[in-house]
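All chains are named by letter (A, B, ...) in the order of the sequence lines, taking the proteins before the strands, and each is independently numbered beginning at 1.
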Amino acid sequence: MLDIKFIRENKDIVQVGAKKKLIDVDIEKLISLDDERLKQLKEVEDLRSEINKVSNDIGIEKDQARRMQLIEEMRLVKEDIKQKEEKLKSITEEWQKIMLKIPNIPSVDTPEGPDDSGNVVLRSWGEKPQFSFAPKEHFELGKSLGIIDTETAADVSGARFSYLKGDLVFMQFGLIQMCLDILNNEEILKNIAEESNISVNPTKFLPIIPPVFIKPIVQTKMARYMTPEEHYMFPNDNLMLIGSAEHTLGSMHMGKIFEEKDLPIRYAGYSTAFRREAGAAGKDTNGILRQHQFDKLEMEVFSLPENGIQEQNFLVAIQEYILKSLKLSFQTVAICTGDMGFPDTRQIDIEIWMPGQNKYRETHSADYTGGFQSRRLNTRVRRSDGKIEPVHMNDATVVAIGRMLIAILENYQQEDGSIKIPEVLRKYMGNKEFITK
RNA sequence: GGAGAUGUGGCUGAGUGGUUGAAGGCACCGCUCUCGAAAAGCGGCAUACCUGAAAAGGUAUCGGAGGUUCAAAUCCUCCCAUCUCCGCCA
């Protein structure tokens, strides 16, 4: 969330920012509510102060009669506090509700727009592959090769589940291993940064396998996928399944204060992601594009505020480096105000060209949330001058398994229905060249 | 799942219901000493919020949430986590 002080001092910016994100909030109402809250808070604190003072006096008062009188007086003050506290509590609750609804403010370079039609292509890379035959969609290829089985999965688990089999499994782990090797190599990271003219520390990404369950209260602090319908809930255990490793990576340092010299901290988290896809009924129902369950390698970075944008650019550069290694044609897109995530101040997506579908499809996202999540999580940094402030947080996809497999299947398909394995992946797949029946 | 124990500041570790936001130690920062370092000495060292231009003052926080009390780290209830033993298990 945003800092209430910041909101008070920049109410126009906050109001306009929410409007651009098409989110309806009444900042004026929030501020008048905040005035009321502060007034009430002061009253309660003054009364408490009185009790504290007099209680000390009572402790050293020798005169029994005087003592009893003070105790009686304080008993009355306590009644008064109780009433005022209740009022404060209800005001604070309403205040909090509005605070949680205020989205992060879009960065100045975020394009304005109502929905994905307002997104702006920043750059594109690679030639779209030309085929001498009509390219197939991934589910046809996967089915005929016997490496994707959604039908059995539908019987066993329902729609939007799949069995990935054989070489596709090797490909999944090959991709993950390849990417971990990159993220664990400072030399490569340094080169990626230099080639994109990004000035960041080449600190490696520490690989993490995080929990896939999260407490709902913590999920709220991550401020992503806010409606309960988007999550698998386990009320008996008061737990829910994560929709992304981001949720349990970003919350790893709740309540912690970093030292300035320890930043940036970079993680590469591998986990299964679980999504109910409640709002996507009937959309992308074929194959493995939109699944309830998929594996994903995700980057999460904690940095100094002034380095946040550079970190995001760096994460995007890493994503692009990986796609270039795989020789996949893609475009990098600045997501507009109406399409971006609630906690994001700047969102950049990558879409890979999918020949079977004859369009670009989103495969990667890079979300810069600034201090928005960290303020809720209470993850901060102590600057060298002693000042403490929220750290800035970035998260970004490395490989989202379903979609990356689709991209490879569709782009590397051959006329006979076999799949040529991208060269960089072969060493992770027993030097195999093709996936065949 | 059963039995027991424990949760205090960055770490360690005291703490009888009444100037305890919390002794002592370590770590850290500053100063003195030194050519420099070490050692020693002196001082400083939690976070959030409120008031204030500032100095400063106030409130809250001793795993978490409630409660008792004029007053709670200290008493009560519930929850959570950790440790040990047993059981089960990849």
Revision key, fill the gap. Result for side-chain contact (heavy atoms from CB on, under 4.5 Å) between Y267(A) and one of M252(A), E298(A), E246(A) points to M252(A)
Please report the distance separating the [atom1] of [N] from the corresponding atom of [M], rounded so that it comes out in whole Å.
| N | M | atom1 | value |
| --- | --- | --- | --- |
| G10(B) | G67(B) | P | 27 Å |
| G25(B) | U8(B) | C1' | 15 Å |
| G63(B) | A73(B) | P | 10 Å |
| A37(B) | C85(B) | P | 50 Å |

So, are [X] and [Y] salt-bridged, with charged N and O less than 4.0 Å apart?
| X | Y | answer |
| --- | --- | --- |
| R361(A) | D284(A) | yes |
| D149(A) | K143(A) | no |
| E85(A) | R48(A) | yes |

Check your understanding: Between Q347(A) and D349(A), is any side-chain donor less than 3.5 angstrom from a side-chain acceptor?
Key -> yes
**Study point:** Donor-acceptor side-chain pairing of T345(A) and N104(A) below 3.5 angstrom
**Key:** no
Study note, to complete from the structure: Paired runs of 3 or more consecutive Watson-Crick or G-U pairs involving RNA chain B, with both pairing distances under 3.5 Å, are B:1-7 with B:80-86, B:10-12 with B:24-26, B:28-32 with B:40-44, B:46-51 with B:56-61, B:63-67 with B:75-79
Considering only nitrogen or oxygen atoms on both sides, find all protein atoms under 3.5 Å from nucleotides 43-52 of chain B and state each distance.
unit_1	atom_1	unit_2	atom_2	d
U47(B)	OP1	R382(A)	NH2	3.3
U47(B)	O3'	R380(A)	NH1	3.0
A48(B)	OP1	R380(A)	NH1	3.2

Point to revise | Within residues 80-93 of chain A: residues closer than 4.0 Å to RNA chain B (heavy atoms) | key: none
**Study point:** Sub-4.5 Å side-chain heavy-atom contact between I147(A) and L164(A)
**Key:** no
Check your understanding: Given side chains that start at C-beta, do those of K283(A) and R290(A) come closer than 4.5 Å, heavy atoms only?
Key -> yes
Review point. Applying ring-ring contact (aromatic ring centres under 6.0 Å, His included), which residue pairs with at least one partner in residues 146-181 of chain A are found, sequence neighbours left out?
Key: F161(A)-H292(A)
Practice item. Not counting sequence neighbours, list each pair that qualifies as a ring-ring contact (aromatic ring centres under 6.0 Å, His included) and has a residue in residues 176-216 of chain A. Key: F213(A)-F234(A)
Find the distance [X]:[atom1] to [N]:[atom2] and express it as a whole number of Å.
| X | N | atom1 | atom2 | value |
| --- | --- | --- | --- | --- |
| E72(A) | U69(B) | CD | P | 12 Å |
| M68(A) | A71(B) | CE | P | 13 Å |
| K78(A) | G67(B) | NZ | P | 10 Å |

Revision key, fill the gap. So CD1 of I419(A) and CD1 of I408(A): to nearest 0.5 Å the spacing works out to 10.0 Å
Measuring to OP1 and OP2 of [N], would you say a side-chain N or O of [X] lies under 4.0 angstrom away?
| X | N | value |
| --- | --- | --- |
| K256(A) | G10(B) | no |
| R48(A) | U59(B) | no |
| N52(A) | C70(B) | no |

Practice item. List the steps and the verdict of salt bridge (Lys or Arg N to Asp or Glu O under 4.0 Å) for R67(A) and E72(A). Key: CA-CA 9 Å; R67(A) 207 179 141 94; E72(A) 186 51 36; over 6 Å; no
Every protein N/O lying under 3.5 Å from an N/O of nucleotides 16-21 of chain B:
unit_1	atom_1	unit_2	atom_2	d
G18(B)	O6	R67(A)	NH2	2.9
G18(B)	N2	S55(A)	O	2.9

Check your understanding: In this structure, which one of K29(A), K5(A), R8(A) forms a salt bridge (charged side-chain N to carboxylate O under 4.0 Å, His left out) with D34(A)?
Key -> R8(A)
Exercise for review: Compute the ring centroids of Y368(A) and H392(A), then answer whether they are less than 6.0 Å apart.
Suggested key: yes
